[in-house]
Amino acid sequence: MSGIQKQFGKVTALTKGEFVLERGEVHALLGANGAGKSTLMKILSGVYQQDDGEIILNGKTVNLRSPKQAKELGIYCVYQEVDTAIVPELSVAENIMLDTFSKPGNIFISNKKLYAEASKALQQLKAGNISVQQPAFMLTLAEKQLILIARALVHSAKLIIFDEPTAPLSVQESTRLFSVINDLKNNNVGCIYISHRLPEVFEISDRITVMREGATTQTFKTTETTENQVIESMLGETFRNELTKIHKSTSEILLEVNGLSDNNKLHDISFTVSKGEIVGVVGLVGAGKTELAKTLFGYNQFNKGSIYLDGKRVQAKHPSDAIKAGMALIPEERRKEGLFVHESLQTNATFPNLRKFSHRFFMNKRAEKEFAKSIVKSLQIKTGSVDTPLVHLSGGNQQKVAIGKWMSLDSKIYLFDEPTKGVDIGAKVDIFKLIREISEKGNGCLYFSCEVHEIIGISDRILVMYDGRIVKEFSHEDATEEKILLYASGGTEEQNERQKYKHSI
Amino acid sequence: QPKGEGSAEATPVKNAEESENPLANKKVALIMQQNLGTFSAQYIEGVKEQVAAFGGTVTVFASEGDLAKMASNLDAAINQGVDAILIDHGTKEALNQGVEKAIEKGISVVAFDAGVEVEGVVVLEQGDQQMAEMTLEKLKEDANGEGNIVKIWVAGFAPMERRQVAYADFLKENPGIKEIAAFGAATANTALDTQAQMEVILKQYPNEGDITAVWAAWDEFAKGAVRAIEQSGRTDIKVYSIDMSDEDLQMIQNENSPWAASAAVDPTDIGRIQVRYAYQKINGEKPEEHIVLEPIFVDAAKLPENKVTTNELHEFIDGWGASDQGYSKALKELEESLK
Amino acid sequence: MKDKSINILFKYGTIVLMIAIIIYFSFISDAFLTYNNFSDILRSISIVTLLALGVTFTLVVNGFDLSVGSTMSLSTVITASLMVWYDLPLWLVLILPILVGVLVGMFNTLLIVVIGIPDLLATLSTMYIVAGLHRTYTEGYSIYNNMPLVSGGTAPGELSQAFLWIGQGKMLGLPVPVWIMLVMVFLTYLVLNHTRWGRVLYMTGGNAEAATLSGVNVKKVKFSAYVISGVFASMAGILFTARVGSGQIDAGAPLLMEAVAAVFVGYSVLGAGKPNAIGTFFGAAVIGILLNGLTILNLPYYAFDIIKGAVLVSALAVTYVHAKNRFSAG
Amino acid sequence: MKDKSINILFKYGTIVLMIAIIIYFSFISDAFLTYNNFSDILRSISIVTLLALGVTFTLVVNGFDLSVGSTMSLSTVITASLMVWYDLPLWLVLILPILVGVLVGMFNTLLIVVIGIPDLLATLSTMYIVAGLHRTYTEGYSIYNNMPLVSGGTAPGELSQAFLWIGQGKMLGLPVPVWIMLVMVFLTYLVLNHTRWGRVLYMTGGNAEAATLSGVNVKKVKFSAYVISGVFASMAGILFTARVGSGQIDAGAPLLMEAVAAVFVGYSVLGAGKPNAIGTFFGAAVIGILLNGLTILNLPYYAFDIIKGAVLVSALAVTYVHAKNRFSAG
Ligand SMILES: Nc1ncnc2c1ncn2[C@@H]1O[C@H](COP(=O)(O)OP(=O)(O)OP(=O)(O)O)[C@@H](O)[C@H]1O
Ligand SMILES: Nc1ncnc2c1ncn2[C@@H]1O[C@H](COP(=O)(O)OP(=O)(O)OP(=O)(O)O)[C@@H](O)[C@H]1O
Ligand SMILES: [Mg+2]
Ligand SMILES: [Mg+2]
């Protein structure tokens, strides 16, 4: 692939995507969030068409107009958002064989044959324990991912793209995946591997290509490079500096959570947050971070445990109660949960506290405008005017609005759920600064993220979540990326020692 | 509905169950094509009242104007083994098959305005041609033999066809009277749809004298037309119609109502008479198979100052609501024995 | 280029269309452009506009109320029965049907918010159930002055003159229903565009999830929208009874489509891009003027349904094509 | 615990309900549990079942066709007119209405797939437009043998015996409409559950994005579902004409709700959890048996609408409560 460009409306996702994959090679693709990795791969798998640039496969220029075409050429993709490729109502077998249905062939379908072929593919993945007859909505995230890999196997793919496959996987599940990838490699299948976890990238890949801000920066041979080199190529200097600043906290307890459980995802969660402290909560996708944030905020209900804020018990039946008590949530899905993207900045900014901007029943539009202007200024939001609908703002600026909308409320504690997701580097820095400023005013911050290095950079204290539990607490000084990942995927240090031991025998 | 003041409870039928009369305790099914509007409701009342007086029970099968459902309902009634089936409207194409089956099973069938053509079925019809003539004559008289009229009529129903015959003859005989517009459709919501259409016509002929009168071949049409005329504030147009329910009567009695006259058989009476013929058949009597119900002409001018209902109408209009048609000796005895 | 023209069509389409229709018809007929004809047109759309305002509220919260027609029918017969059967005083006659509208709204909320049935399906069911209820209530009869009762005797009451004035009277040169409509349109405009609560309604409709996380109780907001819709439908029913002078069965059913069409035509008025009071009023007016003009053109009545349907489809098409473009431009 | 009982209700509710109804009514009336009565019930549901099968197809692809009632009305009058007005041979009489159904399906697709109007709104508009068309076509008249024509004279043709046999004849002890229904249910079952194309339909409905990624042309699939729905509605119209022996206007409108209810009742039969052919048939049967039984109970006719509505609401409630639970459990 060379010179690939792609724009979505006003967002430029790719400026210069370059990528070369050899037969039977595992090639890792790295880059910060929003660097354009997924977009490049979606172009390769026919989901999007590039605006410019060309793709050469086996020496021939190909024009990939649809996923179907890409698949016919043997290019398969295990998408980052697995649910986009799974049909929940259909059985596991049907999901594995999904691509066969749209191909011309027999009119009738024999279930027996379907089940047999699907089982075979699963067995190849050492996942024969998944029943092929159950509907796909019963599966866990990891199992769904296996289905997608099985789908590629069934069609003897020549090239498989793995887009962050290990994000939801535990250490054991990851190990199994790696052995599958190795098998594939031995069968001369090319693999593209996207991940944010450097250790595993170094373990599995032959070469590494790094992207930054929509462009390919560098390609390394894995054996000839170091993690630091790659990180530098990925992030750039300013960003790292920002993250290493350390912040002092007071010891006066602001938020206290005791034995919080719901009957579903959260189990016996206890922790505290002091005034002016930033507490990071880290865990894999699906570990329950979002669940915890929303439960604290009254969006989900818990059935055991208690929450105290500033010494007062909070019993939030609805987010409105939590807001009254002094909480603010910047949710993970900014566009879906945090903002009204078709409304103006002004309308968004005043919404959580309409009472302040109205006289009796009627809205005071002048006060609204003044407030909107004030946050544009203080958060340095780049926008044409306060009347511009938010869809026209960049992701980072949208995120600033999502934070700024709480500014009229004087909340005591802010819950940030993956606030840097899909935000460009510059804005990321601004957002970190903003979080710092908020904490410096004596407010508490809870920072939920699966980006381990970011967590380490910003937090005063780190809680690791695994499967709905808090399994470990680190101080800022003790935390390392490896230790966190280990706990986050359900391991403990002793266990790890033993495993290493076993390996060496 | 609430109990009306001073309402006499329908004379409770004593001892129907213990009665020794073989005609007591019969099951009657009433199969209706359409059951909207006050006419239908009054007709059902007539049926229920008469069957109750004979010590039987009625099941009403509604069809929402859907002929297929009506045919299915007829089947269902036959399967339930009723003693008599009363049919209200419908077409012969849809019903003949079912009616034949019923006759085979020895069920008495009496049809009203249904166009059913099967041996052994008593068919009731209103004096349709006569009703049309009565109202058209009155129209001519009021208009002094000259004028432009609007016809509201719909094809596809046997009684409507008969009314149309009289209407066509009338136009031929009276060249001074011209039809300037004709429309009409039997829908799920006839009166309201007609009102909308009449409003259209009125806007088309906005000047006084453009329209002398409206002749409506069915009271649901007349209702719509009258409302449209009243609301347009036009006082120059009169409405003549066929069929009359109590609701129509109230509208006729409104001050300055354009509704000038109607010809009809009392709907309650139709129900009663139909039941009587059914019981004659059950009793093995051999009534005539083609019964014409005598229509009554209701002239708005003959009505009293204060409003009356159809129950009291007989005081002012001769022959209303007092029909003895269809009684046989056995039936009188039956009714006496159950009182 | 194409996008731009759709945008202009979207913004000024309704108003240009209206002016074009008016000019065209006034050339064809002298009777068209008269004060009387326009006051008649306004009166003829007053009932539909009330219904449409209710639908507007439900659309604002991203719901949809298909049961307004039935609710109006129910309110029509209840209003008439309260006077005819029970001879109740005027204030009760005006309040009780409104309460029934509130109940229907609550039932819709139960289905949609508590049970979780999608809005259109839920209100479709309600539409049928309420239609059945209103027929059962009257036992198939229309309700009119001094009607005889099934149990014998005649009904004690009749529609009072004061009541009929609501539907048939005039005030300051305009029919009373027109005044009622104008007041209601203005109130709706005020509430939706200038109050805190209006803001909450629009935001809930725009993104229920984000509204919840901003502290809005979305269930309550939806509840209020459906109740208001029920209340508007009841008011339409009361107005209809007063206009016609009796309680007709199934009065509301045919008005449903017109009301829905009015709201969608009004979506775009002056580029609002969302359901709004003024737009709904203009939508109803365009349809009213169009139908009035078409009768002048002497079109058969059965063709009207096609034209109403076509207006609805065009309005929907412009709305959704515009939405698509706006979204992809974002 | 609660979840489990909802699950069981979901899986076996329809069948248990059906058995309960049958047992109850056979105690009440000897006439109920007879071969004749059941063959009549089957015949009475045959038309609704055809409509419902069409709706099933659109629901499978996650759409919804509200226009089937109108399409059936249109097909009814066209079928009758082809014989009565134009005296055409039988094969044309059977094919042309089907083509009209195809056209309606294409129009729906245009609105939904090309323009992007949501399914329910699009087909609601189509419903009104097609209803207007069918009245305009007949100028408001029903069509019957040798009817007088507006232009004078009488119509040349009448419904042939061969044609009427389709609606009124018997074959091997069962009415012909029942055979047609059973064959269609079986074909639909075969197509949806055992062919490649059936998987593609379900796939599209379950996750359109995944289907696109698998190389399915989602637009074409939706198109085919709406065309099939139109064809089924046309077949229902032909059957209706043959059963009734004339072309009634507005024949299909009252059947819409029953068809929709049948599909939703059938959603859950044996825990399918999705629209399916056998379920739809059972749904129609449950409603048919219920209505047949209720007439025996001598319930007033105007209460039937309430009961049908209640059945629909219960089916929807079970379906969506189940969906909610499944989702939260998944
Ligand atoms: N469909 C789309 N519409 C608009 N913008 C998009 C779309 N898809 C991606 N983008 C934008 O393109 C940029 C690159 O996104 P992409 O998903 O390729 O990043 P990524 O490197 O995969 O990041 P991550 O590590 O978070 O998965 C982001 O700014 C994103 O917001
Ligand atoms: N079985 C599953 N199938 C598909 N997606 C799943 C599954 N389980 C979890 N997920 C995904 O993971 C998310 C659940 O995350 P949860 O809120 O429990 O934890 P989290 O730690 O906040 O995860 P994240 O890192 O995505 O924020 C869901 O939004 C969903 O997208
Ligand atoms: Mg990505
Ligand atoms: Mg999360």
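Naming convention: chains lettered A, B, ... in sequence-line order (proteins, then strands); numbering from 1 in each chain. These values consider heavy atoms only, across backbone and side chains, with no hydrogens, waters or symmetry-generated copies.
- For D:T204, no part sits under 4.5 Å from any heavy atom of chain A, backbone or side chain.
- The cationic atom of D:R199 (NZ for Lys, CZ for Arg) lies less than 6.0 Å from the six-membered ring centre of A:F101 and within 45° of the ring axis.
- To the nearest 0.5 Å, atom CE of residue D:M203 and atom CD of residue A:E94 are 8.5 Å apart.
- Between D:S214 and A:K68 there is no side-chain heavy-atom pair separated by less than 4.5 Å.
- Distance check: A:I86 CD1 to D:N207 CG gives 8.5 Å after rounding to the nearest 0.5 Å.
- In this structure, the portion of A:N111 lying under 4.5 Å from any heavy atom of chain D is its side chain and not its backbone.
- Within the 4.5 angstrom heavy-atom criterion, only backbone atoms of A:T100 (N, CA, C, O) approach chain D.
- Considering all non-hydrogen atoms of both residues, D:G206 and A:P88 come closest at O-CD, 4.0 Å.
- The part of A:L114 that comes within reach of chain D is its side chain, from C-beta onward, which places non-hydrogen atoms under 4.5 angstrom from that chain.
- Within 6.0 Å of atom CE in D:M106, 12 or fewer heavy atoms from other residues, nucleotides or ligands are found, so the atom counts as exposed in its surroundings.
- Between the A:K71 side chain and the D:L213 main chain, a donor and an acceptor come within less than 3.5 Å of each other.
- Interface remark: A:L98 contributes backbone and side-chain atoms alike to the contact with chain D (heavy atom separation under 4.5 Å).
- Counting heavy-atom pairs under 4.5 Å between each of A:G46, A:P67, A:S66 and chain D puts A:P67 at the top.
- The choice from A:D99, A:L90, A:V47, A:N95 that makes the most heavy-atom pairs within less than 4.5 Å of chain D is A:D99.
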